[in-house]
Amino acid sequence: MKGYESCFHSSSSRKWFGLTPEQREALVLALNRGYFATPSEVTLDELADQLGITRQAVSSRVRLGTEKVLRSVLVSSASNF
């Protein structure tokens with residue numbers, strides 16, 4: 001999990017992969033609480049409660065944030081193949 005944190009703290013011009021602070025907060029919380037584990041160790045409702053936002057809002061932040069990270073990593077690295 002340390003690899004993820006080092007990516008988020010990069011000093012490059014693409015700091016945090018273009019994430020909003022809210023998306024980053026939701027993604028880091030989801031990662032740390034085990035949302036991406038199989039099976040998930042936490043629900044969207046639990047994440048929403050911890051963040052003080054609706055389930056729909058945390059779902060959107062996690063989904064859109066994940067897309068930004070994946071596009072940044074996978075699409076930008078596609079030119080290396």
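In this text, all values refer to a predicted model and were calculated from it rather than measured experimentally.
Contact check on Arg63 versus Glu67 returns no salt bridge, with no Lys/Arg side-chain nitrogen under 4.0 Å from an Asp/Glu carboxylate oxygen.
Nearest heavy-atom pair, Ala26 versus Val58, reported as atom, atom and distance to 0.1 Å: CB-CG2, 4.3 Å. The minimum heavy-atom distance between Arg33 and Glu41, with the atom names listed, is O-CB, 3.7 Å. Contact record, Phe17 with Ser72: CD2-OG, 3.2 Å, taken as the closest heavy-atom pair. Scanning all heavy atoms of the two residues, the minimum distance from Leu44 to Ser59 falls at CD1-CB, 3.9 Å. Looking at every heavy atom in both residues, Phe36 comes nearest to Thr66 through CZ-OG1, 4.1 Å.
In terms of modelled atom types and a separation under 3.5 Å, the side chain of Gln23 and the main chain of Thr20 share a donor-acceptor contact. Between the side chain of Lys68 and the main chain of Leu19, no donor-acceptor pair closer than 3.5 Å is present. Put simply, the side chain of Thr43 gets close to the backbone of Glu46: a donor and an acceptor are under 3.5 Å apart.
Partners of Asp49 under the salt bridge (Lys or Arg N to Asp or Glu O under 4.0 Å) rule, at least two apart in sequence or in another chain, do not exist in this structure.
By the 4.5 Å heavy-atom criterion applied to side chains, Arg61 and Leu27 are not counted as neighbours.
Atoms CD and CG, from Glu22 and Leu64 in turn, are 12.0 Å apart once rounded to the nearest 0.5 Å.
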